[in-house]
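Contents: one structure, followed by commentary.
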2 protein chains.
Amino acid sequence: MARQNQRITESQQSMLSFIQDYILTNGRPPTFRDIQHGANISSLSMVSHHLDALRDAGEIEFSEGSSRGVWVKGLPKPGDFMRVPMCGVITCDGEHGVPTPDADALRNAEDWIPVARSLVGNAKMEDLYALRASGDSMIDAMINDGDLIIMHRNFDYKDGGLYAVMLSDRNETTLKRVFKDGKKFKLKPENPRLKPFWVDAQTTQLQGRVVCVVRAM
Amino acid sequence: MARQNQRITESQQSMLSFIQDYILTNGRPPTFRDIQHGANISSLSMVSHHLDALRDAGEIEFSEGSSRGVWVKGLPKPGDFMRVPMCGVITCDGEHGVPTPDADALRNAEDWIPVARSLVGNAKMEDLYALRASGDSMIDAMINDGDLIIMHRNFDYKDGGLYAVMLSDRNETTLKRVFKDGKKFKLKPENPRLKPFWVDAQTTQLQGRVVCVVRAM
DNA sequence: GGTATAATAGAACAAAAGTTCCCTTAACCT
DNA sequence: AGGTTAAGGGAACTTTTGTTCTATTATACC
């Protein structure tokens, strides 16, 4: 019997909440019997019945004929996210630096930051890493002390972009706005107190491009 | 036979990749037979065998005796994330405004932004919503035109915090830094071009507190 | 080359999980 | 009250899915 889109009953609502909690806690959907016991439904046929109603109401979807096929509509899936390795602190003021992490460092990082895929466009996961910004030399670029910065290490150079810059003769890495100027780079701290300066392109490597800035408050 | 932590073979690696892809694509783990066909393993017993090896190598974990119990270690689980409803644009300069969305508006939002739970601390999902910042009146607070702002609508007031402020007599909502000043609020645009101003606490509602700022570049 | 050991394939088996059927109970309407 | 319809309960049944067993093939070692 076809059921119209209609209000769901109380037990259906409690089933829905249980399914959602189960997925969030366990990372996989529950079985019918899990639902029966978890949501205190009296019989398996009632579970089946209510699932039909929930689907007709547009609250869930499920693939028939396979186990653990229930999914709450709109619940984020693991594929909506990437995890990005946290590779240290970058002092916008210079002095200390972190080199671009290599493939091994990326794979073996201890801290991983989950990032919504929609934030970083079509970047590949292997190309991304995260840094914590330190110092205030980039405040005019809206980057503050403590901000989380997602970097891309295989970028196309664009003049005027924000980059992690490695100055090999000084052994320091720093976050700056970069302009190409003949055989030199112009590095511009985005802070009115600090002056831009020029460095030799020979001894300079652009290690990564800023893709995304995240600040928790 | 107990197996030491050891390098995994080529077919085990390909199984591992398949399982990961399957979870990312489908949101639930595969069955043994899914793995067999997806990773081109010749027999079910080989799947079982390789799964043991992968577990001994620390690459996966699985709950025995239940279906679709495989999980790739380190893969983010749905519970690591929340989705936050996108509720419109807030013009930092004033003029137009969006009211705090009510429970219904939150539930029925069209756009949802996936957000890592670690970003928003222990905030409850029902309390959060997202706005798109427009205008440049908050540039000194490091909020730029186009930034994504995560708001909390059940907050504890803290002097000097960033809030979405509703001025009911002017019917406008705007993003400002707020200080309490007797029976008035001092609203401070964070832009040297703009002056702070005072409003009557009677006609003012703090609709949400800025929890997090995200900028894609 | 022969023997021991591990890897493999295939099938059978057992447990888990989805589906259906039938009977009972409650609600509703005239 | 009687009849109709929807909701509920329980169990049997079928399919899916995990597990195990054995025979076979490949590999390594002496």
Side-chain angles (χ1 to χ4, degrees), chain A residues 1-16 18-23 25-57 59-73, chain B residues 1-16 18-23 25-57 59-73:
Chain A
M1 92 202 56
R3 208 172 287 258
Q4 267 61 330
N5 268 31
Q6 53 187 7
R7 273 256 155 284
I8 59 182
T9 72
E10 198 174 334
S11 13
Q12 282 160 16
Q13 179 58 52
S14 107
M15 257 183 54
L16 186 60
F18 170 79
I19 296 171
Q20 177 159 333
D21 286 352
Y22 188 102
I23 293 178
T25 308
N26 301 91
R28 59 173 177 169
T31 67
F32 281 29
R33 285 166 178 85
D34 288 335
I35 298 172
Q36 185 191 355
H37 300 129
N40 261 306
I41 308 297
S42 49
S43 68
L44 266 180
S45 50
M46 277 296 97
V47 174
S48 176
H49 195 82
H50 286 153
L51 282 180
D52 285 345
L54 283 171
R55 182 186 43 193
D56 290 344
E59 300 285 346
I60 63 170
E61 53 195 5
F62 60 90
S63 50
E64 306 196 10
S66 88
S67 67
R68 301 179 186 273
V70 196
W71 195 263
V72 176
K73 270 194 180 168
Chain B
M1 92 204 56
R3 207 174 288 258
Q4 267 62 331
N5 268 32
Q6 52 187 8
R7 273 255 156 283
I8 59 182
T9 71
E10 197 174 335
S11 15
Q12 283 160 16
Q13 178 58 52
S14 108
M15 257 181 54
L16 186 61
F18 171 77
I19 296 170
Q20 177 159 333
D21 286 352
Y22 188 101
I23 293 178
T25 309
N26 301 91
R28 59 173 178 168
T31 67
F32 282 30
R33 284 166 178 83
D34 287 335
I35 298 172
Q36 184 192 356
H37 300 130
N40 261 307
I41 308 296
S42 48
S43 69
L44 264 181
S45 50
M46 277 295 96
V47 174
S48 176
H49 195 82
H50 286 153
L51 282 180
D52 285 344
L54 283 171
R55 183 185 43 194
D56 291 344
E59 300 285 347
I60 64 169
E61 53 196 5
F62 59 90
S63 52
E64 309 197 8
S66 91
S67 66
R68 300 180 186 271
V70 197
W71 197 264
V72 176
K73 270 193 180 169

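Just so it is clear, the values below take in all heavy atoms, side chains as well, and ignore hydrogens, waters and symmetry mates. The structure displayed is predicted, hence computed values, not measured ones. Letters A, B, ... mirror the listed sequences (proteins, then strands); counts begin at 1.
Of the inter-residue distances, the one linking Lys73(A) atom NZ with Arg55(A) atom CZ reads 10.0 Å to the nearest 0.5 angstrom. For the atom pair His50(B) NE2 and Thr9(B) OG1, the distance stands at 4.5 Å (nearest 0.5 Å).
Comparing Ser11(B) and Thr31(A) by the nucleotide of DNA chain C that holds the closest heavy atom to each, the one mapping nearer the 5' end is Ser11(B). Map Leu44(B) and Asp34(A) each onto its nearest nucleotide of DNA chain C; the residue landing nearer the 5' end is Leu44(B).
Rounded to whole angstrom, the span from the CE atom of Met46(B) across to the P atom of dC21(D) amounts to 15 Å. Here dA17(C) presents its C1' atom at 14 Å from CZ of Phe62(A), a figure rounded to the nearest Å. The distance between atom CD1 of Ile60(B) and atom P of dG18(D), rounded to the nearest whole Å, is 12 Å. Atom CG in Asp52(A) sits about 12 Å away from atom C1' in dG18(C), given to the nearest Å. Rounded to whole Å, the distance from NE2 on His37(B) to P on dG18(D) is 13 Å. If you measure from atom CG of Leu51(B) to atom P of dG18(D), you get 9 Å, rounded to the nearest angstrom. Separating the CD atom of Gln36(B) from the C1' atom of dT19(D) is a distance of 14 Å, rounded to the nearest angstrom. Straight-line distance from the CZ atom of Arg55(B) to the P atom of dG18(D): 14 Å, rounded to whole Å.
Scanning residues 63-70 of chain A for heavy-atom distances under 4.0 Å to DNA chain C yields Glu64(A), Gly65(A), Ser66(A), Ser67(A), Arg68(A).
Summarising the geometry of Gly38(B) relative to Phe18(B), their closest heavy-atom pair is CA-CE1, 3.4 Å, with the distance given to 0.1 Å.
Taking the side chain to side chain donor-acceptor pair (under 3.5 Å) definition, one finds that Ser43(A) meets it with Ser45(A), sequence neighbours left out. Here Arg28(A) pairs with nothing under the salt bridge (Lys or Arg N to Asp or Glu O under 4.0 Å) rule; sequence neighbours left out.
When each of dT8(C), dG18(C), dG10(D) is scored by its nearest atom to the side-chain atoms of Arg33(A), the top-ranked nucleotide is dG18(C).
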Item to check | Pair Leu54(A)-Val70(A), side chain to side chain contact (heavy atoms under 4.5 Å, CB included): steps then yes or no | outcome: CA-CA 11 Å; Leu54(A) 283 171; Val70(A) 196; over 6 Å; no
Next on the checklist: Run Leu51(A) and Phe32(A) through side chain to side chain contact (heavy atoms under 4.5 Å, CB included) and show every step you take.
Outcome noted: CA-CA 9 Å; Leu51(A) 282 180; Phe32(A) 281 29; 3.5 Å; yes
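Judged by distance alone with a 3.5 Å cut-off, no donor-acceptor contact links the side chain of Ser45(A) to the base of dG8(D).
The phosphate of dG8(D) has OP1 or OP2 within less than 4.0 Å of a side-chain N or O from His50(A).
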